[in-house]
Amino acid sequence: MPNFEAVIGLEVHAQMNTKSKMFCGCDNDAFGKPPNTTVCPICMGHPGTLPAPNKEAINKAAKASIAIGCEIQEDNHFDRKHYFYPDLPPGFQISQYDFPLSKAGEVKFNVVDDSGNKVGDQRICKITRLHMENDAGKLTHRGDKTLCDYNRAGTPLMEIVTEPDLRSAEEAVAFAQELRRILIAVNSSEADMFKGMMRFDASISIREKGAKELTPRSEIKNLNSFKSLEKALNYEFKRLCKLYEKEGKHLKNDITVGWVDDEEQTKMLRDKETAMDYRYFPEPDIPPLHFTKEDIKKLKYEIPALPSELKTKYEEMGLEDFEVRMLIDQPYSRSVFDAVYEKTDDIKRSRSIVLTQLAGIVKAEGDNFKKPDLDFIVEQLTELIADSRITKNQEKEFLSDIVIDGMTVKEIVESKGVRDVDESEIEELVNKAIKANPQAIESFKAGKEQALGAVVGWVMKESKGEADPAKVNDILKEKIDN
Ligand code: ZN
Ligand code: MN
């Protein structure tokens, strides 16, 4: 059997988190609202109404474009894409066709295993284009009836199209997850998968490894989760390989299929529509968009640190893959970590307290976890690290008192007490330490300030971490001076 590889491209639709819809003033947050309550004559496509493009949406799409490395097209415009379907009241979607908002970007990503460790080399998926359009309504099929809810009709969408640069279902998922992180980072989309805010269509062909020639592709529609994206691509890959085995190079299989989640298989939908069928033409009711170089420059300034930049920053600090991933995916933990590290300048303790212990509590609490006020938590964690009387074992207990019960370190110390190693004990240990570390003491006397660290460390170890290092330091220096 020949060795096949998949050639995969994605089309991603992401809803933008704007206040109002793409072309009217309707509330864009329809979640949990009764059907057909966030609609108006414009998004319902009544004759004689005029669409007005949403500036917030255009800015968000432009920022997303920059974040995925796309070039904003200074001149671009909206087009009408015609098709009839009950979820599309006007009979056309306002989209962008030959002059999209932006083109030619790329997203770097890594495939990771279940524990968040990188597998293989970094990969790049080129982005063909990003354009704006409006979402359609939502149809619910009940028996032989269909219910229409138009709350979603008119929600601003970004459609992001990739080059066929992905080589496996795993890569497609890893790319899609990275893209999701980027959209969230620039605040262009909530990208909440459960609410259907990010959806995928995938096209897949196969070829013998090393060959240039592709088999006809199939297109998989309506994938609403990373799991179904992965399962559907794996299913289609196997199906295409089997077909190829049977029919060889003459394989004719250029079809559109849908993924049926419950049955875990793809099913034929309809013949592939070509662009011609949509009768695209420039939207006559909306003037073309124009971005000046100044506009684009301004937008670039507003782009926050992107996941890839955060990744480089934290990797350079020596953090593990899983820690880096956590800081990228959890803005709250990131803010806490950054602030605590900045205040304490203690990378080891910041990591252990924020990325191990605090993360453990957050995970254990699950949905019950209420994020404490950022300033409060940073202040308390900084104090926890600074108070050297608090032992490692106590630390864990204290942390949960702070995070869950909202107590301050001061309050906890007052109510629970800390073991304070008294000075005579420290003096005794320091005497021993001086005898045990003659070389370090000599170096210190010769002017090497940092040599003392080893001696203090020795005392800390002997006291099982319970002595106050500041006190140890003072007593040690006093003894050496005398
Ligand atoms: Zn409306
Ligand atoms: Mn689309």
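What's counted below: heavy atoms across the whole structure, side chains too, no hydrogens, waters or symmetry copies. For ligands, and for the atoms within them, numbers begin at 1 and follow the listed sequence.
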Nearest to the Mn ion (ligand 2), which N, O or S atom of Glu159 do we find? OE1
For the Zn ion (ligand 1), which protein N/O/S atoms are closer than 2.8 Å? Cys24 SG, Cys26 SG, Cys40 SG, Cys43 SG
ring-ring contact (aromatic ring centres under 6.0 Å, His included) with His82: which residues, sequence neighbours excluded? Phe92, Phe281
Go through the steps to decide whether Lys343 and Val340 satisfy the test side chain to side chain contact (heavy atoms under 4.5 Å, CB included), and finish with yes or no. CA-CA 5 Å; Lys343 285 196 164 183; Val340 170; 6.0 Å; no
Lys195 to Phe31, cation-pi by 6.0 Å centre distance and 45° axis angle: yes
Determine the minimum heavy-atom distance between Ser308 and Thr312, stating which atoms define it. O-OG1, 3.0 Å
Evaluate the ring planes of Phe337 and Tyr314, with Trp represented by its six-membered ring, and classify them as parallel (under 30°), tilted (30 to 60°) or perpendicular (over 60°). perpendicular
Between Phe369 and Tyr332, what is the ring plane arrangement, given parallel below 30°, perpendicular above 60°, and tilted in between? perpendicular
In this structure, the Mn ion (ligand 2) sits at the vertex of an angle between OE2 of Glu133 and NE2 of His13 that rounds to 10° as 90°
Thr344 backbone acceptor or donor facing Arg349 side chain under 3.5 Å: no
